[in-house]
Every structure is written in structure tokens, then in C-alpha cells.
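In what follows, chains carry the letters A, B, and so on, assigned in the order in which the sequence lines appear, proteins first and then strands, with residues in each chain numbered from 1. Owing to the predicted nature of the structure, the values given are computational and were not obtained by experimental measurement. All values below come from the heavy atoms of this structure, side chains included, with hydrogens, waters and symmetry mates left out.
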Amino acid sequence: MTERRILVTSALPYANGHIHIGHLVEYIQTDIWVRFQKLRGHRCVYMCADDTHGTAIMIRARREGRTEEEVIADMQKAHVADFAKFDIEFDNYGSTNSDENRILCEEFWQAVNDAGLVTEREIEQFYDPDAETFLADRFVKGTCPNPKCGATDQNGDACEKCLMTYSPEDLIDPYSTLSGGKPELRKAPHKYIQLEKLHGFLDEWVGSGEHLEPEVANYLKGQFLSDELRDWDVTRPPKYFGFEVPGFPGHSWYVWFDAPIGYLASTRQWCDRTGEDFDQWWKNPDTEIHHFIGKDITYFHTLFWPGMLKTAGYNLPDRVHIHGFLTVNGEKMSKSKGTFVMASTYANHLPPEAIRYYYASKLGPGLDDLDLEAAEFVAKFNADLVGKVVNLASRSAKFVSEQSLSESYPDDGGLFVAAAEKGEVIAEAYERGNYNGAMREILLLANAANEYIDRMEPWVLRKDPEKAEEVREICTVALNLFRQITLYLSPVLPQLAKQTGELLNNPIERWDQSQTPLTGTPVSKFQHLMKRIDEKQVQAMVEESKEDNAADAAPAGDSAEAAAPAEPDFHPADTWKDSGAALEAEPMSEECTIDDFFKVDLRVARIIEATHVEGADKLLGLTLSLGGGETRNVFAGIKAAYEPEKLVGRLVICVANLKPRKMKFGLSEGMVCASGPGKSEVFLLSPDEGAVPGQRVH
RNA sequence: GGGGCCAUAGCUCAAUCGGUUAGAGCAGCGAACUCAUAAUUCGUUGGUUGGGGGUUCAAGUCCCUCUGGCCCUACCA
């Protein structure tokens, strides 16, 4: 195998927020790939950095009364600490707000200017005089200009109510979300990169079939390359937290200009620290560049970024690995449901191995979204890793504990050799990002190993002192198969690999160790390698996330405001602003399917008789007609709220197929639908004019 | 409005270039075992591959169409 030189990056996390479990999909995915390449003996480095520039950071710093530098320094510390908790190991973790990055930005800028790609235009945009900054569309809100709509608090680009699109300048009574003040229109010059001039190159790069999954290439061809590429606005007028553009005083590069250059800047930092040659990594065609990103930033990494690299004379990405989003229980992560889980919150409750393995077992090469489901998460970890893999050591190591493995590898019926041969299939799956396939293959090996132990029954042989050597041989096989499996899993589970190395007194360092059995080494005293997890831990994590998010929801930085109860967030069209008390008193049930709903047969019914029930405090006896002579006798707990005589003749909604229930006063054959907390506060449902008894409610 | 992707067992996913009877795991059911963290092993139930049409000797796979879902865009990129 020839040694490859590979430089890998993950997208740079933004310095305005903490790492959450959605981010982790990407960093874990990348870390696994990097560990895999290193294990294979390739020269591979993993570069990342914090993305620090932009309006959001500037505003936050002001709000907190600190400098931007203080804000981003704190956040970087937090990010680095979070990643470490999950065994995500960077070769260098830098910052886009570094000298290295500024120098490289200037170099790229020179290159795009020299190539004649830069043009300048003046544009008119809203400006917030209080915040002293221009406002991107998302920082302007106002009243929808559609005369038929007029919804308030709409975003600068489109109305959520009537779906009309417009420019921020069209809004009636616009206001800045930064200061709340009224913005004014101002003109400012912007520099643009004419990407269209690189159209031919990009067609070729995207179309080559080597750098992108076909579905991504199709998307780019359909969405962008089929048309003229628009100029890219890469500078921002003051004030903006970023690097000043040479020859353009006061103006900064847009955050998306300097962010990807941060990949190089981080590499530069690493080279300066380690004495590596920067050009060997970024200007050597033999070096492979691999970017891992989420599908939301595809555009930047597949059109703009290759264009920049090409123009500046650097290596182009060999592959852009694009993943989907994380959903939790099939939905977007939700703060109110507690499924928006910060990495640090996760780490308070659950082991990093669990989420590393879970993501690995779900990730494929494509950009499908990945769903995290509590029960499946717990089951996979316990069943696959504890039950199948770790169990191999657990059921064999103690028989040879503090002895050593056999001096020569015994006959195992070809198991070790078969698993060694599987190594290439597994490696190929890792290489392609098909971790899900790799995990499946590895688990099959664990299955075979468990079968072997079952078949050999060392616990039976052990009772016969004369068969001690045989037991030792069986355990030598079992532990070798176990070691082989943990080696294959080691990119995903570095801790387990390390523990296995300690158990067998031979560290796992190279992939090819999977090809040769280990013999003669001492076996350490066995100790638990992994602890089972419980769904309760997941629930506790969700609860803590709810609390975190409730705390976050209060305005930060001002303790007086923070103490006040949070304002409910009403829909713009909601002029009634009803209290949330009822919903809070009786929270929403879990989701049901349409089939679940159809089990309940709701019908319009007419009350044809209503009587007091002798001896009942709360009940009225109702006779309901479904029409055509079909009737139901129903006892309803509505006596405190309704007088029987006033009910006769009116239409209600009843559950017509409810299993009849025997009561003290007779048989109740259904129920009538009503809302309210009870007692006198009961409100019967009735259909609108025109409904007739017997109609089903859909 | 324009564009991309997806739909396979109750759930999560496989199925090479179009090629035998569409396979695993989990869950379910039935056994065995008792070394192991209530772990393991064996057997078994479960499918009109979202609907319809077409191409082909052959379609989960290719083409058309409908339905449902996700995402990107909508004259910012």
C-alpha cells in the first residue's frame, strides 16, 4: 500500500454558539475518517478552526459589553473542550481571526484581483444608525407590504403569512432587529467576484464525477451551472467584525470569504508549530484535500471555494463529503421538546462511545438526514457493543486472566483468516464514508465469534483440570477475534481499542495488525470495558436540555430582564393572544397516526332525551340519536354545567364506537365530546349549521 | 414558480453493471444454554419494493406519470 498524504477538514463552527449534537454528526464523521486513514498508515492531518467574523459576533460583543476578541476567545475554549469530550482529535484547531488567516486572505484577494475577477458596484441597503451598521435582510423586520395581508413582524425578504416576496425596502414601518430603531436607506460600494468567469472550470470540476456524489453534482448543474453564475458580494461596509480589505478602507471581507481560507490558515499554524512544509500540503498535487460539510453549505464549498483555490493556485478539493442534518425522533431538533441537546449536556449523561457508534451505524455516503431516536440509540449501544462485542472479552478473558495467550495460534476453523480477509471490504466501506456498511460487516464477525465460543463451551471444559490447555486455546481464539473486531472498530471507538491494547498488552496502532493473530502475550486482569446505558439517562439529558433552553430563552446580559417571565411568542396573525394556561394544564399527547385517529368513530348525534339520574351527583342520562332509529344511551358528567331540558334537541359530537361500560346506573354506550377542566366548566362540542345526525367527523 | 433528492418487513437499513426465490439487525413468537454486564446461540413469523403505465428474455434498479415526504432557490450567493 502506498502512503497517501491527506488533509482533512470539517466546516468551521461559528463562534456565536455552543457545539450541539447536530454539529457532532459532522465532527464525529470526520474524526472517524481521519482515524481510519491514520490507522491505515497514511499521512493524514485534520484541520479545523472557529469561524469568528460577522455581524452576529459584533452585536453579541456589544450586548455583553466586551470586545469581539474576548467573546471569540471564550467560545473557542468551550468548543475545544466540547470536542475533546467526544474524542474528536484535531491536528490543529485555529481561528479565522488570526494573523495567518489575514495574510492568506490578502494573498487570495491579490490573486482574484490579478485574475480580473473583481468588480465594484454601489448598492442601497438599510442602515441602522444606532448600531452603526448595514443590515442584512434577516436583521430587518416590518409590516408586510401586501395591502391584503399587512401582517406585522415579517422578515426582510418574505412574508410568512401571505408568502409574498419583496425587498426589505418595501416593508411598511421597518425596524432593525439589532437596535429596534428605524433603519434608513444608505448607499455603499461592495466588491464582487465574477464567478461566471470561472464557469467553464466549474462545469468541468463538478462534472468530473470524482469530487462529489452524483446527487450533489446534479443539484449544482440544475440549480446553478445551467445558468449564468451571479457575481458574489464579498465585502461588507463598516461597521463589521472582520478583516479590512486592502485598498478599500473601512470595508471588511464577508465572513464567507475568509472562513474557508481558515482551512489553510489553520494548516499554516500547524506547520509553523511542527516544522512541516505548508506547500507540501496545499500546493502539491500528490496531497489529497477532503472537506466534510453539511448539505446547507454545499454551494460555498463546491462552486465558490474551488474557484478561489484554482485562482490562487492551491490544491483543489479531491472530495467534498456532504452529510445531511440530524433529526431527533423524526423531527427537527426542538428547544422546547428538549431535543436541542448541547454536546456538553450529552456528555453529562451519556458516554461518547454511544453517540460515536450510533452515528457510525447510521451514516452512509449520501446526504440523507440522520435520525436519532432514544430507544434505538439505547438498544444499538447495549445490544451491539455491550451484548455482542464487549461480551466476547467478558466471556473469555477471565478464564485466562493473568496467564498469557497460547504460544502459537490454534486451529479456529478459519475464523481469523476469514475475518482478516473481510478487512479490505470494511476498509473500502470506511473509505467511501459507508460507515453503516462497515458496522454491519463488523457485527457479523462478532456474531461468528460468539457462535464459536458457544460451540466450544470453555466453561464446560474448564471443570476438567486436564483440559486447561484447551481452554487457553479457545480463549486465545476468542480474544484474537475480539481484538480483530475492536481494531476494525477503533476509528469509531478509540477508547475501546486502547482498553483492548491494555488487556492484551499489545497496543492497537495499525490496520495490518488485523491480519496476524496475537500469541504469547500476557492477559491483564479483566475489567468492564463498557457500561450499559439506560433510557432514563437519555430522559435526564432531555430534561436538562429543556432547562438549559428555558434559561437561554430569557434575554441574556441583563439580569433584571432575565428574571422576568418570558414573553410568549405569538404568531403574527394572532390578534387574540389567548393564554397558554389550558395547554399547560393538560400538555399535548404524543403523536398519533391517521389510522389511530380513525379507530375513534366520531359522529354527529342529536340529544333526544336528557334526564337527571337518580342517585348520581354529576351525571345526566342522555339518549342520543344517530338518525334512522339508531340510538345510544350515554351517561355524561355534565350535570353541573347543563340543565337537561335545555339540551333536548341540540346536536353534539359523540364517540359512537366506544366500548360500552357498565355503570352503577346502567350501561353507558358512548360518550359526548366536551372540553374544559370539569365541574361547571364543561363545554359541549356542537357542529355548525347543516350537520345532521349520523355524519362521521373526519 | 424553478430545481435536486427520497419512498423496500412494525422500526432502522442492505441488495454490485438490469440477472436465481428481495436480504440483515432491532422488535415479535418458539426453543437451547447458563461462561458472560438480564448477556449468547438456534429456529421462526413478517414484503403486491408508495400507486399506475412503459422499455426488456429479465426491473427494487432504466423511462414516463401520479401520490406522499425532505431540501435548495425565487431575481442575495
Side-chain angles (χ1 to χ4, degrees), chain A residues 123 125 136-138 156-158 163-168 190 192-193 195 213-234 254 256-257 294-300 303-304 322 324-325 327 330-332 358 361-364 366-373 375-380 382-399 425 428-429 434 436-437 439-441 443-444 446-463 471 474-475 478 526-534 593 595:
Chain A
I123 62 166
Q125 221 183 345
D137 292 0
R138 69 176 192 283
D157 50 356
L163 300 176
M164 180 179 164
T165 57
Y166 44 77
S167 313
H190 286 236
Y192 289 82
I193 290 178
L195 214 51
E213 288 290 316
E215 55 193 305
V216 177
N218 288 341
Y219 154 73
L220 293 170
K221 282 182 209 159
Q223 187 73 35
F224 298 102
L225 294 170
S226 59
D227 225 328
E228 192 173 303
L229 293 166
R230 285 186 284 256
D231 293 349
W232 211 59
D233 181 359
V234 290
Y254 176 44
W256 264 110
F257 179 83
K295 64 184 179 183
D296 51 329
I297 55 175
T298 299
Y299 170 84
F300 297 101
L303 296 178
F304 174 69
I322 306 179
F325 299 137
T327 58
E331 306 177 345
K332 278 186 186 168
Y358 185 81
S361 73
K362 306 271 286 190
L363 277 166
L367 36 78
D368 293 338
D369 288 349
L370 181 161
D371 190 46
L372 174 64
E373 209 240 318
E376 191 192 3
F377 174 78
V378 172
K380 257 193 195 304
N382 289 344
D384 291 359
L385 295 185
V386 181
K388 285 238 158 67
V389 175
V390 165
N391 191 34
L392 287 170
S394 184
R395 66 195 303 203
S396 60
K398 68 167 56 164
F399 297 153
V425 175
E428 177 61 23
N434 183 16
N436 152 12
M439 296 307 109
R440 240 194 341 266
E441 289 294 342
L443 260 289
L444 286 177
N447 238 8
N450 272 307
E451 276 168 45
Y452 170 83
I453 300 178
D454 262 28
R455 209 164 51 233
M456 301 313 282
E457 301 182 315
W459 55 92
V460 176
L461 301 178
R462 197 166 63 115
K463 290 173 187 157
V471 169
I474 292 164
C475 292
F526 180 75
Q527 41 197 351
H528 269 6
L529 300 171
M530 274 181 184
K531 213 173 129 208
R532 272 170 182 279
I533 58 175
D534 194 286
T593 66
D595 297 330

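Distance CG (A:Asp296) to P (B:C5): 19 Å, rounded to an integer number of Å. Nucleotide B:C5 holds its P atom 13 Å from the CD1 atom of A:Ile322, rounded to whole Å. Rounded to an integer number of Å, the gap from CG of A:Leu229 to C1' of B:C75 is 15 Å. Atom CD1 of A:Ile123 is separated from atom P of B:C76 by 9 Å (rounded to the nearest Å). Here B:C76 presents its P atom at 23 Å from CD1 of A:Ile297, a figure rounded to the nearest Å. One can place CE of A:Met456 at 17 Å from P of B:U34, the figure rounded to the nearest angstrom. The distance from atom CD of A:Glu441 to atom P of B:C13 is 18 Å, rounded to the nearest whole Å. Between A:Phe300 atom CZ and B:C72 atom P the separation is 13 Å, expressed in whole Å.
Taking the six-membered ring for Trp and thresholds of 30 and 60 degrees, A:His190 and A:Tyr192 have ring planes inclined between 30 and 60 degrees apart.
A:Asp368 is linked by a salt bridge (Lys or Arg N to Asp or Glu O under 4.0 Å) to nothing, counting only residues two or more places apart in sequence or in another chain. Every side chain to side chain donor-acceptor pair (under 3.5 Å) that A:Asp454 has, sequence neighbours left out, goes to A:Arg395. When the salt bridge (Lys or Arg N to Asp or Glu O under 4.0 Å) test is applied to A:Glu376, the partners found at least two apart in sequence or on another chain are A:Lys362. A:Phe399 is linked by a ring pair (Phe, Tyr, Trp, His ring centres under 6.0 Å) to nothing, counting only residues two or more places apart in sequence or in another chain. Every residue meeting the ring pair (Phe, Tyr, Trp, His ring centres under 6.0 Å) condition with A:Tyr358, not counting sequence neighbours, appears here in chain and number order: A:Phe377. Residues satisfying the salt bridge (Lys or Arg N to Asp or Glu O under 4.0 Å) criterion with A:Arg440, sequence neighbours excluded, are absent altogether.
Rounded to a whole angstrom, the distance from the P atom of B:C70 to that of B:G54 is 32 Å. Spacing between B:U20 and B:A58 at atom C1', rounded to whole Å, works out to 11 Å. If you take atom C1' in B:A59 and the same atom in B:G52, they sit 15 Å apart, rounded to whole Å. Taking atom C1' in both B:G30 and B:U21, one finds a spacing of 25 Å when rounded to whole Å. Nucleotides B:U8 and B:G69 are separated by 16 Å at their C1' atoms, to the nearest Å. The separation of B:U49 from B:A22, taken at their C1' atoms, amounts to 8 Å, rounded to a whole angstrom. Distance check on atom P: B:A9 versus B:G46 gives 15 Å, rounded to whole Å. Comparing the C1' positions of B:C11 and B:U37 gives an interatomic distance of 26 Å, to the nearest angstrom.
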Tabulated below should be each protein N or O lying under 3.5 Å from an N or O of nucleotides 68-71 of chain B; please produce it.
none

Grab the N/O contacts between the protein and nucleotides 10-12 of chain B below 3.5 Å, and write none if there aren't any.
| unit_1 | atom_1 | unit_2 | atom_2 | d |
| --- | --- | --- | --- | --- |
| B:U12 | O3' | A:Lys362 | NZ | 3.2 |
| B:U12 | O2' | A:Lys362 | NZ | 3.1 |
| B:U12 | O2' | A:Glu376 | OE2 | 3.4 |

Please produce a list of atom pairs where a protein N or O lies less than 3.5 Å from an N or O of nucleotides 60-64 of chain B.
none

Between the protein and nucleotides 1-4 of chain B, which nitrogen or oxygen pairs are less than 3.5 angstrom apart?
| unit_1 | atom_1 | unit_2 | atom_2 | d |
| --- | --- | --- | --- | --- |
| B:G2 | N2 | A:Gln223 | OE1 | 2.8 |
| B:G2 | N2 | A:Gln223 | NE2 | 3.0 |

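Side-chain contact between A:Leu195 and A:Asp231 is absent, with no heavy atoms from C-beta onward closer than 4.5 Å. In this structure, A:Asn450 and A:Asn391 have side chains that are in contact, with non-hydrogen atoms separated by less than 4.5 Å. Contact annotation: the side chain of A:Glu213 never approaches that of A:Ile322 to less than 4.5 Å [non-hydrogen atoms, C-beta and beyond]. No side-chain heavy atom of A:Thr327 sits under 4.5 Å from any side-chain heavy atom of A:Leu372.
Nearest-nucleotide mapping onto RNA chain B: of A:Lys463 and A:Gly364, the residue sitting toward the 5' end is A:Gly364. Toward the 5′ end of RNA chain B lies the nearest nucleotide of A:Leu370, the other residue of the pair A:Tyr299 and A:Leu370 mapping further downstream.
Residue A:Phe224 is classed as having no contact, given no heavy-atom separation below 4.0 Å to the nucleic acid.
Atom CG of A:Leu220 sits about 10.0 Å away from atom OH of A:Tyr299, to the nearest 0.5 Å.
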Does the protein touch nucleotides 37-47 of chain B at the base, only the backbone, or not at all? Give it as B, S and - per nucleotide, heavy atoms under 4.0 Å. B-SBSS-----
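For the residue pair A:Ser361/A:Asn436, the side-chain donor-acceptor check at 3.5 Å is not satisfied.
In RNA chain B, runs of at least 3 stacked Watson-Crick or G-U pairs (N1-N3 plus N6-O4 or O6-N4, or N1-O2 plus O6-N3, all under 3.5 Å) give these stems: B:1-7 with B:67-73, B:10-13 with B:23-26, B:28-32 with B:40-44, B:50-54 with B:62-66.
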